[in-house]
Number of protein chains: 2
Amino acid sequence: MSKATIDDVAREAGVSIKTVSRVLNGEPLVRDATRDRVKQAIVALDYRPNASARRLAGKRTYLLGLVYQQNSSYASRVQAGVLDACRDRHYELLIHPCNEKGEALLGEIRELAASRRVDGLLLTPPISDGAGVRELLDELRVPSVVLSKADEGDAGWSVDTNDRHISRQLIEHLEGLGHRRIAYVRGHPDHKAMGNRYRGYLDGMAAAGLESMAAPVGDNAFESGRRCGKELLGLNPRPTAIVCANDHMAAGVIRAAHEAGVSVPGDLSVTGFDDIPLAGQLTPGLTTVRQPMEDMAHTAAQLLIDRVTNPGMENNAHVLDSALVLRDSTGPAPD
Amino acid sequence: MSKATIDDVAREAGVSIKTVSRVLNGEPLVRDATRDRVKQAIVALDYRPNASARRLAGKRTYLLGLVYQQNSSYASRVQAGVLDACRDRHYELLIHPCNEKGEALLGEIRELAASRRVDGLLLTPPISDGAGVRELLDELRVPSVVLSKADEGDAGWSVDTNDRHISRQLIEHLEGLGHRRIAYVRGHPDHKAMGNRYRGYLDGMAAAGLESMAAPVGDNAFESGRRCGKELLGLNPRPTAIVCANDHMAAGVIRAAHEAGVSVPGDLSVTGFDDIPLAGQLTPGLTTVRQPMEDMAHTAAQLLIDRVTNPGMENNAHVLDSALVLRDSTGPAPD
DNA sequence: TTGTAAGCGTTATCAA
DNA sequence: TTGATAACGCTTACAA
């Protein structure tokens with residue numbers, strides 16, 4: 001049982017294996033009646049094509065590689081989105097969490113492209129922002145799609161969100177709550193998304209006619225948020241709101257506030273970015289921005305499969321919308 | 001370039017492809033000098049065996065399937081551990097996050113075993129605790145290893161931690177801090193680990209000569225922790241410590257305490273279990289138990305590959321030790 | 001200790 | 001619109 005091959009199906013349907021193959025791959029030149037007969041045989045025998053044989057014989061591997069930073073808080077959402085797209089198109093996914101940076105990162109990608117024979121590579125930030133990564137992918141001639149903005153002047157294959165715009169909306173939200181002294185905690189300068197978020201802050205402050213405050217730079221991790229928070233809370237006059245480039249740092253700022261005896265959101269409003277699982281479980285719940293990660297990943301994987309399937313395809317850059325998630329870490333400005 | 005086959009290597013080394021194959025697979029019957037020559041040729045040509053061809057020709061797929069609950073907080077640690085083991089043994093990993101329960105879950109596993117031809121399956125809790133799952137794996141004859149205790153009376157293939165014992169240590173820690181009224185928030189009754197943790201609590205209370213208190217049952221999620229916390233804080237006399245079966249629920253209890261104006265750890269000590277990333281970033285940092293997830297997953301994958309490679313192998317159940325992680329959510333009992 | 005030849009289950013080529 | 005038949009790059013008998 002459960003070991004039917006294409007030959008069995010061909011025999012059962014009374015056709016050649018090539019015809020079965022045509023049906024399997026949705027090729028057009030098959031008469032409807034024949035196609036039906038083959039499909040029936042497939043069901044009757046519970047036939048499953050052997051992926052290894054298909055890979056060996058075909059030009060493709062039906063394999064996608066997903067490269068992302070290990071311990072990235074959105075890894076599982078990205079995986080879910082990609083897997084969804086893969087299932088629809090009969091692709092499989094090889095995940096490749098990665099710790100390296102710089103040359104070592106490039107080496108890993110090179111190795112990945114060489115040893116595992118994937119049809120295409122999907123990269124997420126901050127990997128996709130790494131110096132030389134895009135160039136390497138071109139050099140290796142591996143079709144790829146990145147989650148993150150394409151480089152300027154490069155209409156590249158990418159899926160992104162409107163970070164800058166939504167970041168500006170965050171400022172408008174705070175301004176509407178009466179905040180005037182709104183500080184910012186910047187993210188790691190190598191991550192492109194972080195730059196966009198900061199620009200959105202500046203946009204929002206300018207649009208509201210407010211003066212932007214000190215904007216210390218963190219490294220995206222909790223501790224750096226704590227440090228920046230401490231620094232900002234030492235200011236005089238103190239900010240009434242601190243906007244952070246991601247949730248981890250926002251958690252750090254909340255910790256710093258707690259340590260300084262500053263109550264959130266009574267004395268201080270805090271916002272994050274990403275809506276990681278932590279955000280809803282902090283006390284107070286964190287006002288943040290939710291990116292449609294599954295959708296982005298799904299879109300990216302579809303795009304990649306399209307690109308692989310259809311080599312002549314045009315460049316394609318998608319932008320999906322993020323959404324504000326209002327929780328309890330933001331409130332009216334203290335008087 | 002980069003498309004050398006076994007034939008190229010054989011020619012370069014002046015041997016037959018069979019000899020190359022022997023070297024590749026570490027088979028013993030090759031003279032050292034020959035082996036060296038082959039290895040040199042492999043390096044010289046940057047030869048990479050074609051995994052698809054190997055799968056097709058061999059009896060194995062060199063593929064492992066990892067089935068886990070989608071959005072599980074330890075998914076990435078498990079993946080990392082498994083991938084490590086896979087790399088060492090030239091296996092690859094197909095991940096299979098899963099949302100189903102009951103019959104639907106069994107159907108997914110059945111489908112997975114049928115369609116993707118994996119050599120073996122790795123299951124993590126709570127999937128591995130699902131009713132009928134172990135039986136199905138036996139029926140399907142898919143070699144598998146579970147992360148979670150083997151069933152009683154079944155010396156099965158599993159890797160587990162000493163949850164019960166470490167849970168007891170948690171009680172000893174609290175007792176040492178002067179706590180006498182220590183309540184417990186139980187986890188989802190279908191998850192075996194949850195039962196063990198609760199038993200450890202009972203052990204610890206008995207050993208300390210304390211009377212166990214109300215132990216409301218949650219569903220492992222934040223909200224249920226909040227609900228149970230609220231309930232326990234309404235008790236009179238109120239517990240001075242609440243031990244939770246996992247971190248999510250502990251976060252919920254902290255939220256409940258905050259809402260009730262009860263300070264942590266001043267008025268109330270709270271502990272979790274799992275040391276998810278959230279635990280360190282809560283305010284206050286959560287005292288919890290860290291399981292060696294990467295190690296467990298690594299061990300499980302090694303075990304599975306051994307089992308697959310060596311069908312005659314004996315059952316094997318491993319137990320690895322968890323560790324207490326003391327943070328700021330526990331402190332001296334209030335007087 | 002090494003080599004020869006026959007698969008493994010598909011897709012691709014080319015003819016019918 | 002269909003079908004022989006040859007790849008694809010390895011492993012596995014079976015010989016030598």
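All values below come from the heavy atoms of this structure, side chains included, with hydrogens, waters and symmetry mates left out. A, B, ... follow the sequence lines: proteins, then strands. Residue 1 opens every chain. All values reported here derive from a predicted model rather than from experimental measurement.
No engagement by B:Y62 is indicated, since no non-hydrogen atom pair under 4.0 Å with the nucleic acid exists. B:S52 comes within 4.0 angstrom of nothing in the nucleic acid, heavy atoms only. When heavy atoms are screened at a 4.0 angstrom cut-off, B:R22 is found touching base atoms of the nucleic acid.
One atom, CD1 of B:I6, and another, P of D:dT12, lie 11 Å apart when rounded to the nearest Å. In this entry the distance linking CG of A:D32 with P of D:dT1 reads 9 Å, nearest Å. For the pair B:L24 CG and D:dT12 C1', the interatomic distance rounds to 15 Å; values are reported in whole Å. The interatomic distance linking A:R54 (CZ) with D:dG9 (P) rounds to 18 Å, in whole Å. The CZ-C1' distance, from A:R11 to C:dG9, rounds to 13 Å in whole Å. In this structure, the CG atom of B:N25 is 13 Å from the P atom of D:dA13, given to the nearest Å. Between the CG atom of B:D7 and the C1' atom of C:dG3 there is a distance of 13 Å, given to the nearest Å. In this structure, CZ of A:R48 is placed 13 Å from P of C:dT10, rounded to the nearest angstrom.
The main-chain N or O of A:S144 is found under 3.5 Å from a side-chain atom of A:R307 such that the two form a donor-acceptor pair.
When the nearest nucleotides of DNA chain C are assigned to A:E27 and B:R37 by heavy-atom distance, the more 5′-ward of the two goes with B:R37.
Of all heavy-atom pairs between A:R37 and A:A13, the closest is NH1-O, 2.7 Å.
OP1 and OP2 of C:dT2 both lie 4.0 Å or more from every side-chain N or O belonging to B:S16. Applying the 4.0 Å criterion to OP1 and OP2 of C:dG3, one finds that B:T19 has a side-chain N or O inside that range. A close approach under 4.0 Å does not occur between any side-chain nitrogen or oxygen of B:R31 and OP1 or OP2 of C:dT1.
Between B:Q40 and B:E12 the shortest side-chain heavy-atom distance does not fall below 4.5 Å. The shortest side-chain heavy-atom distance between A:D160 and A:L147 does not fall under the 4.5 Å cut-off. At a threshold of 4.5 Å between non-hydrogen side-chain atoms, the residues A:I6 and A:P49 do not count as touching. The shortest distance between side-chain heavy atoms of B:V142 and B:I109 does not fall below 4.5 Å.
If you check the side chains of A:N25 and A:R54, you find a donor sitting under 3.5 Å from an acceptor. Side-chain contact, B:D129 with B:S148: a donor N or O sits under 3.5 Å from an acceptor N or O.
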Worked check of side-chain contact (heavy atoms from CB on, under 4.5 Å) between A:S128 and A:V133: CA-CA 7 Å; A:S128 47; A:V133 168; 5.7 Å; no

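Each end of the helix from C:dT1-D:dA16 to C:dA16-D:dT1 gets its own rotation axis from five pairs of C1' atoms, and the angle between them is 30° to the nearest 10 degrees.
For A:Y62, the ring-ring contact (aromatic ring centres under 6.0 Å, His included) criterion is met by A:Y91, not counting sequence neighbours.
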What's touching nucleotides 5-8 of chain D from the protein side, N or O pairs under 3.5 Å?
{"unit_1": "D:dC8", "atom_1": "O2", "unit_2": "A:A57", "atom_2": "N", "d": "3.4"}

